[in-house]
Novice: 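Structure incoming, see below.
Keep in mind that the numbers below use all heavy atoms, side chains included, and drop hydrogens, waters and symmetry copies. This chain uses plain numbering: 1 for the first residue, then up along the sequence.
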Amino acid sequence: MSVAITDERPADAAAIRALVESAFAGAPYASGNEGRIVDGLRADGDMTFSLVAVQDGVVVGHLAASPARVGTAPGWLAIGPLAVAPALQRQGIGSRLLEAALQRATRAGAPGLVLVGDPGYYGRFGFAAAPGLTYRATDAHHILRRTLAGPAATGEIRFAPALQGA
């Protein structure tokens, strides 16, 4: 299976939405808004970068990165949603997307990345919960950070508007 990780192209938008919706359908942690979140980030100009995994010309994975503020620290990036086609999950596609995002964020000079997610999955990539890191009424165990450069920021996370409504 040859999967290429590339930047999203304008023609990928509909395929990305369908993929994200199918990847999150029925998941106990899903809000049901994941497809609209990606569309909203794009429409608002808040998509810092959007990566796709493509196999045989078909989008089989997607990762969105958008601006975030942690406490008073600007310049952080939020990761999410991260989605892989249900039939291809657990084959390393999500890992490849996340590794590519970490490289992109590091090259761009981002101080770090934040997300709300499963610490068991994201912990493999250096994400961890941190004392003093908060997001609304979300369980602190699922609010994760990975510092790339400089001091580790703490405080309330402010995501881009499309993610705030998630």
Novice: Sequence neighbours excluded, which residues qualify as side chain to side chain contact (heavy atoms under 4.5 Å, CB included) partners of Pro67?
Specialist: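 Partners of Pro67 by the side chain to side chain contact (heavy atoms under 4.5 Å, CB included) criterion, ordered by chain and then number, come out as Asp46, Thr48.
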
Novice: What is the minimum heavy-atom distance between Tyr135 and Leu163, and which atoms define it?
Specialist: OH-O, 3.7 Å

Novice: Taking Val84's backbone N and O only, do any of them form a donor-acceptor pair with Gln89's side chain (distance below 3.5 Å, no angle check)?
Specialist: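 Checking the backbone N and O of Val84 against the side chain of Gln89, a donor-acceptor pair under 3.5 Å is found.
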
Novice: Taking the side chain as every heavy atom from C-beta outward, state whether Val20 and His62 have any pair of such atoms under 4.5 Å apart.
Specialist: yes

Novice: Could you tell me whether the side chain of Ile79 reaches within less than 4.5 Å of the side chain of Phe125, counting heavy atoms only?
Specialist: no

Novice: Can you confirm whether Ser66 sits close enough to Met47 that some side-chain heavy atom of one is under 4.5 Å from a side-chain heavy atom of the other?
Specialist: no

Novice: Ignoring hydrogens and geometry, is there a side-chain-to-backbone donor-acceptor pair from Asp44 to Leu41 under 3.5 Å?
Specialist: no

Novice: Can you see which heavy atom on Ala129 is nearest to which on Ala140, and at what distance?
Specialist: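 Looking at all heavy atoms of both residues, the closest pair is CB-O, 3.5 Å.
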
Novice: Between atom CZ of Phe24 and atom CD1 of Ile37, what is the distance when rounded to the nearest 0.5 Å?
Specialist: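 Here the interatomic distance stands at 8.0 Å.
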
Novice: Show the nearest heavy-atom pair for residues Thr138 and Ile143, with the distance to one decimal.
Specialist: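 Heavy atoms of Thr138 and Ile143 come nearest at O-CD1, 3.6 Å.
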
Novice: Give a yes or no on this: more than 12 heavy atoms of other residues, nucleotides or ligands lie within 6.0 Å of atom CZ of Arg124.
Specialist: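 More than 12 within 6.0 Å, yes.
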
Novice: Is there a side-chain contact between Ile157 and Arg69 in this structure, where contact means two heavy atoms from C-beta onward sitting under 4.5 Å apart?
Specialist: no

Novice: Side-chain contact test, heavy atoms from C-beta onward, threshold under 4.5 Å: evaluate it for Val52 versus Ile5 and give yes or no.
Specialist: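 No, their side chains stay 4.5 Å or more apart.
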
Novice: Just how far is it from atom CD of Gln103 to atom CG of Leu51, taken to the nearest 0.5 Å?
Specialist: 10.0 Å

Novice: Please determine whether the number of non-hydrogen atoms from other residues, nucleotides or ligands lying under 6.0 Å from atom CZ of Arg158 exceeds 12.
Specialist: no

Novice: Do the side chain of Gln164 and the main chain of Phe159 share a donor and acceptor less than 3.5 angstrom apart?
Specialist: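 Between the backbone of Phe159 and the side chain of Gln164 there is a qualifying donor-acceptor contact (under 3.5 Å).
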
Novice: With side-chain contact (heavy atoms from CB on, under 4.5 Å) as the test, would you mind laying out the steps for Arg146 and Val114 before giving the verdict?
Specialist: CA-CA 6 Å; Arg146 174 159 175 193; Val114 290; over 6 Å; no

Novice: Would you please indicate yes or no on a ring centroid separation below 6.0 angstrom for Tyr121 and Phe127?
Specialist: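 No, the ring of Phe127 stays outside the 6.0 Å limit from the ring of Tyr121, centre to centre.
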
Novice: If we only count heavy atoms from C-beta on, is the Arg145 to Thr147 side-chain gap below 4.5 Å?
Specialist: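 A side-chain contact under 4.5 Å exists here.
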
Novice: Please determine if Glu156 and Arg136 form a salt bridge, counting it only when a charged side-chain N lies under 4.0 Å from a carboxylate O.
Specialist: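 Judged by the 4.0 Å cut-off on N to carboxylate O distance, Glu156 and Arg136 do not form a salt bridge.
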
Novice: Could you give the distance from CG (Leu82) to OH (Tyr122), rounded to the nearest 0.5 Å?
Specialist: 4.5 Å

Novice: State plainly whether the residues Asp7 and Arg104 are in salt-bridge range, i.e. N to O under 4.0 Å.
Specialist: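 Answer for the salt bridge query: yes.
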
Novice: Between Ala83 and Ala23, what is the shortest heavy-atom contact and its length?
Specialist: CB-CB, 3.7 Å

Novice: Nearest 0.5 angstrom please: Thr106 OG1 to Leu77 CG, how far?
Specialist: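 Rounded to the nearest 0.5 Å, the OG1-CG separation comes to 9.5 Å.
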
Novice: Please examine the side chains of Leu102 and Leu113, heavy atoms only from C-beta on, and report whether any two atoms are closer than 4.5 Å.
Specialist: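 Yes - at least one pair of side-chain heavy atoms lies under 4.5 Å apart.
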
Novice: Which pair of non-hydrogen atoms, one from Ala153 and one from Ala73, has the smallest distance, and what is that distance?
Specialist: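 Reported closest heavy-atom pair: CB-CB, 3.8 Å.
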
Novice: Any chance you could lay out the side-chain contact (heavy atoms from CB on, under 4.5 Å) test for Val38 and Arg17, step after step, and finish with the verdict?
Specialist: CA-CA 7 Å; Val38 175; Arg17 182 179 186 139; over 6 Å; no

Novice: The test is side-chain contact (heavy atoms from CB on, under 4.5 Å); show your working for Val70 and Thr154 and say whether it passes.
Specialist: CA-CA 6 Å; Val70 180; Thr154 59; 5.6 Å; no

Novice: Side-chain contact test, heavy atoms from C-beta onward, threshold under 4.5 Å: evaluate it for Pro111 versus Leu148 and give yes or no.
Specialist: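 When only atoms from C-beta onward are counted, Leu148 and Pro111 do not touch, as no gap falls below 4.5 Å.
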
Novice: Do NZ/NE/NH1/NH2 and the carboxylate oxygens of Arg42 and Asp39 come within less than 4.0 Å?
Specialist: yes

Novice: So, for Pro74 and Thr72, which heavy atoms are closest and what is the spacing to 0.1 Å?
Specialist: CD-O, 3.2 Å

Novice: Evaluate Gln55 against Leu88 for side-chain contact (heavy atoms from CB on, under 4.5 Å), listing each step before the verdict.
Specialist: CA-CA 11 Å; Gln55 180 183 40; Leu88 297 174; 3.5 Å; yes

Novice: Measure the spacing between CG of Asp139 and OG1 of Thr134 and express it to the nearest 0.5 Å.
Specialist: 12.5 Å

